[in-house]
Amino acid sequence: MDYGMAIDTMWVLVATALVFFMQAGFAMVETGFTRAKNAGNIIMKNMMDFAVGSVVFWVFGFGIMFGTDIGGYIGKVDLFSLSSFEHLGLGIPKEAFLIFQTVFCATAATIVSGAMAERTKFSSYLIYSLVISAVIYPIVGHWIWGGGWLAQLGFHDFAGSTVVHSLGGWAALMGAWIIGPRLGKFTSDGKPKVIKGHSLTLGALGVFILWFGWFGFNPGSTLAGTSTEAVSHIFVTTNLAAAAGAIASMILSWVRYNKPDVSMTLNGALGGLVGITAGTDIVSPSGAAVIGIISGIVVVLAIEFIENVMKIDDPVGAISVHGVCGALGTLLVGIFATDGGLFYGGGTKLLFVQLLGVGAVALWTNVTAYYLFKAIDKTVGLRVSSEEEEEGLDKKEHGTESYADFQPRVIYLNSDQI
Amino acid sequence: MDYGMAIDTMWVLVATALVFFMQAGFAMVETGFTRAKNAGNIIMKNMMDFAVGSVVFWVFGFGIMFGTDIGGYIGKVDLFSLSSFEHLGLGIPKEAFLIFQTVFCATAATIVSGAMAERTKFSSYLIYSLVISAVIYPIVGHWIWGGGWLAQLGFHDFAGSTVVHSLGGWAALMGAWIIGPRLGKFTSDGKPKVIKGHSLTLGALGVFILWFGWFGFNPGSTLAGTSTEAVSHIFVTTNLAAAAGAIASMILSWVRYNKPDVSMTLNGALGGLVGITAGTDIVSPSGAAVIGIISGIVVVLAIEFIENVMKIDDPVGAISVHGVCGALGTLLVGIFATDGGLFYGGGTKLLFVQLLGVGAVALWTNVTAYYLFKAIDKTVGLRVSSEEEEEGLDKKEHGTESYADFQPRVIYLNSDQI
Amino acid sequence: MDYGMAIDTMWVLVATALVFFMQAGFAMVETGFTRAKNAGNIIMKNMMDFAVGSVVFWVFGFGIMFGTDIGGYIGKVDLFSLSSFEHLGLGIPKEAFLIFQTVFCATAATIVSGAMAERTKFSSYLIYSLVISAVIYPIVGHWIWGGGWLAQLGFHDFAGSTVVHSLGGWAALMGAWIIGPRLGKFTSDGKPKVIKGHSLTLGALGVFILWFGWFGFNPGSTLAGTSTEAVSHIFVTTNLAAAAGAIASMILSWVRYNKPDVSMTLNGALGGLVGITAGTDIVSPSGAAVIGIISGIVVVLAIEFIENVMKIDDPVGAISVHGVCGALGTLLVGIFATDGGLFYGGGTKLLFVQLLGVGAVALWTNVTAYYLFKAIDKTVGLRVSSEEEEEGLDKKEHGTESYADFQPRVIYLNSDQI
Amino acid sequence: MDKITKVDIITRPNKFEELKDALNKIGVMGMTVSNVMGCGVQKGQTGNYRGVTYTPELLPKIKVETVICEVPVALVVETAKKVLYTGKIGDGKIFIYEIANVVRIRNGDEGKVALNNQP
Amino acid sequence: MDKITKVDIITRPNKFEELKDALNKIGVMGMTVSNVMGCGVQKGQTGNYRGVTYTPELLPKIKVETVICEVPVALVVETAKKVLYTGKIGDGKIFIYEIANVVRIRNGDEGKVALNNQP
Amino acid sequence: MDKITKVDIITRPNKFEELKDALNKIGVMGMTVSNVMGCGVQKGQTGNYRGVTYTPELLPKIKVETVICEVPVALVVETAKKVLYTGKIGDGKIFIYEIANVVRIRNGDEGKVALNNQP
Ligand SMILES: Nc1ncnc2c1ncn2[C@@H]1O[C@H](COP(=O)(O)OP(=O)(O)O)[C@@H](O)[C@H]1O
Ligand SMILES: Nc1ncnc2c1ncn2[C@@H]1O[C@H](COP(=O)(O)OP(=O)(O)O)[C@@H](O)[C@H]1O
Ligand SMILES: Nc1ncnc2c1ncn2[C@@H]1O[C@H](COP(=O)(O)OP(=O)(O)O)[C@@H](O)[C@H]1O
């Protein structure tokens, strides 16, 4: 009996379950931070991008990501992931690896739904979701985790700050930009207005669930429960970065807005988690805390920048949390890696590779996502009608409402800004 | 040190925790799909059937289910599960097995509360809950998992499509039928009316939690973390069936009602999970996807049939999800089992055994549950008064209300059907 | 390859994730049992005491708790937990132990937020949170788990009924007492009035999450997945005590108030969990059930006593659940321990040691917390202004509101008592 | 100009559907409904929250406002009384006011014509 | 028939209990309350949501509607003014209307008698 | 005493902001708004819940109540009509009443002066 393999398999599968559960976290954060009239629609998107992603990744994506390498850019398509994938030299059963990778793929896909919330056509979202899971994500995944060109250069993205999060974030950026802001989000002269989320408690629950799931996301990526020192270390760095991120965002929002902002603090915790994901295995606890602090600060500034300067409407802050903190966290590996990082005497070599990888993924994702969303827009249309948007997507897209027993506060919506 | 046993024990206990957490999932689904005025009552039922079930299964049920076999029908009662149960030849400590089985028993019990929601007397529900955990479930459990007659025939129900889910579903059918529909559910000429749930977000959260818990429910049923190939395979088939079920229900609801229905899609995911549970270990990933699709389609049709044709009011769709998909999934093992299934050249032998088992459990459960609910009805009464039902069970049965700070939408309730 | 260590490490880390998730449980219970206008504030407190606690315990607390013993009272401060802590003779990596202890520390800290909810200044709460994680908790932790004087006397508190729960409970007692009741909680002649929680469903979800997390809290405290008999036993006793506690509270509330009270039943489950935590490893299943019943009864009586007689306003019952049941459960070890307990012929020796430990921790915590809260009150002030309290802390402390899309029921609040 | 009257009916929420159907039948097609809380002789069911007993003094009611002109006030009142009567405390009250004018925004109709509900 | 008057009081939500007790004391036993949003000179507390500053222009208020006959209107107004007065902007307004008739559904009483609250 | 008038506007919720701004512009500064449900010719969007089709007969509307004196009623009505008009069913109705008196609680002002909104 190979106990080592048994331990590693259990570890990966427990992590799989935790990462799966992050879908619930995303669903709660995204629905909590948006309006009640669209809650059911967001739930549907979160449920369906996981469902569609699971099937599509099994049918196509896994082969593209982990199939035999073709020129460093793509793996060989392997319909239904049927071959043995022996070239991977896995220490765990192929199916354990497949399901673990499936839940990662779905995480990347789901990030976009928050940024495009409250105005995207459901059918168009399904198309996007299918394409990202089948093609956009697996190709980047191949570059970095499937033995492709970035892997060969020594690019370090342990659990996916770039592969998963910044990829999702850039797709979110393109989506939110192309679809345009929600009705009433900006005044006619471009000043942002307040559109409050409908449940901070559900949003916070979502953040707790995500943090919990991250204890699968990062430590699971060792693919080895037998690497006891590594997984223990990853638990510590993951947790410290999240904690530091939350504290930093809270303090910054306190300074900037005079009051500690709840939703910014929640975003800060997530920013810290995203930021640490690339280097969680090779930065020290102190390094992790600093990465958390930087991420927590940057996430607040990025949210403001995207809204105030770029005039892009990202209701839940997905672009800042996943795109910006993902890219940033990956770069910071080049600085804080205890072996090879700039601050630890490793010079700039790693940093440049990190920069290259971050840039390449940003370029790839922004370009492909741009054309994807444009193509959807030209064909089936990306956005619901303004009448649908006003009435809410739940009623118009799904023929229902999410909170039938509560008196909605229908006025208030656009009337309370300076 | 027996590492194998340690790994297996950990596996089973982690799975136990996950299956326990499914209680939260049931609570959220059931409360989310029903009205706010009964939310506290449903919570209480979910909490108490687990509490009562835990105690009763420990005191009586475990012995009946796993005690020394008496004629293939029942195990020897063993008060407080004190003996060593060596005849089971367990590879894990008895107490690990006891607690794992306890959370399964509680799952079967809790299914009914959704179908009988919003009109059942709390005290009557407690009686039902006690009897199903002490007698109805353990006896079926003995037949199939305790070495009883169905086990001896080769009936295959890996993790409980029949033992747990269809049993719960049939009890739900009898309960919902005997107690009758909620006030206002049908017009005087028998047309169903809409009674909306009060929180789709909580309902969806519940579905995510259940899906998460199912990663304990199915893979845990190997009782062995050391069976690495098996548990990995089970993860893959479980996930694919759920995903396919959600997609199928969504598409079917889109076709039938012109709009992708949120609650039907959620039910579809659950239908897929219930359907795959019997054969999760011995069907291929493709087989799992097909089982998921079939379950997702059938669950929608079953919900319509039960409501429109049978005129039975099942607010959350428990009968369809658990009863129908549980039975169906068990039958489909006879078709899709890669070893012995009809489609894989195994002939009809397994299929017949599966049919026999499904039929026997349906008969046993429907009959015992029928008399149980009738007996309760004759003695303490099964249903609250119509005044209580109108005011809500929270106020009348528990002297409270669940959402004191929100303005309820008291009208709207029965006034918005065609 | 040391498989035993790998198994133990995995076990501790999985438990760590589960215990972390209890933070979500606390957040949901505390917010669900209080008013909507303060929901965001409570969320923030729960998020921040974990974040602050994580950092502070890493920087200071861990050293104080587990550093080389100084006279039995305190460990040597070890900034950033850098040394190897070899004197602990751990069977798992230091970092695994650190993160496991971190989530325990945060649990102790978070208990207070419920008892002081709806009226405490956010900045003051942060100060409290920092001090308890840095000093008050680690010192008691050292006495009992760090090889200090109580450990040397044979005091048995397996997973923290006293170290974690009663400590949190006593701090809550001092906090709630010093800050005084919420406006409108008592009539001018001292009769308690009803202030309902805003979401029983979120409260119940929180209890389910806590129960789930407890399957990490107690079994994880073995620090050994290889102790298969022990962890299995702990699962059984933990679950039975919780179930029995819920049943006992429900029955008692039914008897006393004519109706089975939802929130009391939820408190009863928690009381049972807190009560069993000290002796979960060394009491029998029956002993666990009895401890659960006693805790479930006592928690109801304690809640009444604290409110009606002591006139202390504890919105969520934290003092009773954690303080009273924690102390009581620790004492009951002296009675129900199968080896050394009074009822098992072990005489009163263990009971006296337990009494001593419970008393010492109560004394230490009440005194330090008293001075801490008094000091905060004198300097930055402990309580928000009455205007802030009336408008809600969300608006005044955080500049937002948690449920922007629902019509609040602003009247009703203080107007519906006898 | 004909006399225009506003009738406010405050009653139990669960009676709304029946009331609406009855009013529709006598030709009253338009109405505006709101959730209100009523305070009167009727008291709520005594409850208990975490050990403290209380009796709500405010009860959920609905207010149905309908402005009429052609349909006689007496008929509306009679109809409402018939449907809403249970004889138990809390059946509610009907308040009748005179109204100066009414305007239909969609087409600018004023007075009596503004109230006849054709699309 | 005696003159029946409706008094609508729009004021701060947290004052309701006191107001109700005071009105009860002068013999006004029945009233109907609703949650409304008020727009006037008073503005809300400036807040900030995810970096954007805003000042609510609508504030939560309650509307207490009470129809009276025997109790003099002036007394009701005086009582309300006494209880509700803080002197700060946002204390609210009292609107007084005449009303044509009132009916108690439970027993068919009309006019003045419909307002005396015996069970 | 000048004639004091109450204007009740029942209309679509999403029009509120525009309406408020337009009324402010003509000098109507105070108003009280509530969420109501409207029943009229307009019917809701047909929906489907778990296989059962339904058409809501009650639609979310807002009721804007404003009491005026100096600003002419006709101007208020004209302004509201202009802003709220879409020509589709469901634009809503305006009801106009006379009112006997109005009191500002903050300073005891009565009648006309109670309505001029200076702080
Ligand atoms: N004088 C009043 N002014 C306004 N509303 C009233 C008045 N009296 C009663 N109501 C409303 O009518 C409802 C029913 O009145 P209540 O006295 O409880 O019973 P009944 O209608 O049988 O006399 C109250 O809840 C309240 O909403
Ligand atoms: N002309 C009006 N018509 C209707 N309601 C009004 C009017 N003026 C004020 N109100 C209501 O009275 C409330 C208080 O008015 P406001 O001007 O803020 O302060 P004050 O009552 O001290 O003058 C407002 O929020 C609004 O609900
Ligand atoms: N007679 C009436 N009395 C009270 N409210 C009415 C009346 N008629 C219409 N309403 C209100 O006006 C709203 C719009 O009326 P509706 O008939 O649907 O369209 P329109 O305003 O275009 O005629 C209704 O939803 C209802 O709230």
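Throughout, protein chains are lettered first and strands after them, A, B, ... in sequence-line order, and every chain is numbered starting at 1. Just the heavy atoms: all of them, side chains too, but no hydrogens, waters or symmetry mates, feed the values below.
Looking at C/Ser286, both its backbone and its side chain come within 4.5 Å of chain B, counting heavy atoms on both sides. In this structure, the portion of B/Met44 lying under 4.5 Å from any heavy atom of chain C is its side chain and not its backbone. Only the side chain of C/Val14 comes within contact range of chain B, with heavy atoms under 4.5 Å apart. Proximity to chain C (any heavy atom under 4.5 Å) is restricted, for B/Phe20, to the side chain, taken from C-beta onward. Contact of C/Ser199 with chain B is made through backbone and side chain together, with heavy-atom distances under 4.5 Å. Of the two parts of C/Leu266, only the side chain, counted from C-beta on, holds a non-hydrogen atom closer than 4.5 Å to a non-hydrogen atom of chain B. B/Met48 touches chain C through its side chain: at least one heavy atom from C-beta onward sits under 4.5 Å away, while N, CA, C and O do not. Neither the backbone nor the side chain of C/Tyr257 comes within contact range of chain B; no heavy atoms are under 4.5 Å apart. With a threshold of 4.5 angstrom between heavy atoms, C/Ala36 approaches chain B through its backbone and through its side chain. Of the two parts of B/Ile42, neither the backbone nor the side chain holds a non-hydrogen atom closer than 4.5 Å to a non-hydrogen atom of chain C.
For the residue pair C/Thr400 and C/Asp394, no side-chain donor N or O sits within less than 3.5 Å of a side-chain acceptor on the partner.
Interface check for chain B: of the options C/Phe215, C/Trp11, C/Phe212, C/Trp254, the most heavy-atom pairs under 4.5 Å are formed by C/Phe212. Ranked by heavy-atom pairs under 4.5 Å with chain B, the first of C/Leu205, C/Asp8, C/Leu202 is C/Leu205.
Between B/Phe104 and B/Phe217, a ring centre-to-centre spacing shorter than 6.0 Å is recorded. Aromatic ring centres of B/Tyr125 and B/Tyr128: separated by under 6.0 Å.
One finds no salt bridge joining C/Glu391 and C/Lys37 here, because no Lys/Arg side-chain nitrogen approaches an Asp/Glu carboxylate oxygen to under 4.0 Å. Under a 4.0 Å N-O distance rule, the pair C/Glu307/C/Lys185 qualifies as a salt bridge. The pair C/Arg182-C/Glu118 meets the salt-bridge criterion, since a charged nitrogen lies less than 4.0 angstrom from a carboxylate oxygen. The residues C/Arg409 and B/Glu401 are annotated as salt-bridged, a charged nitrogen and a carboxylate oxygen being separated by less than 4.0 angstrom.
Proximity to chain C among residues 90-103 of chain B is limited to B/Pro93, B/Glu95, B/Ala96, B/Leu98, B/Ile99, B/Thr102, judged by heavy-atom separations below 4.5 angstrom. Contacts with chain B (heavy atom to heavy atom, under 4.5 Å) involve no residue of residues 22-34 of chain C.
Remark: of the listed residues B/Lys121, B/His398, B/Lys395, B/His398 is the sole one forming a side-chain hydrogen bond (donor to acceptor under 3.5 Å, both in side chains) with B/Asn41.
The CG atom of B/Leu13 sits 4.5 Å away from the OG atom of C/Ser232 when rounded to the nearest 0.5 Å.
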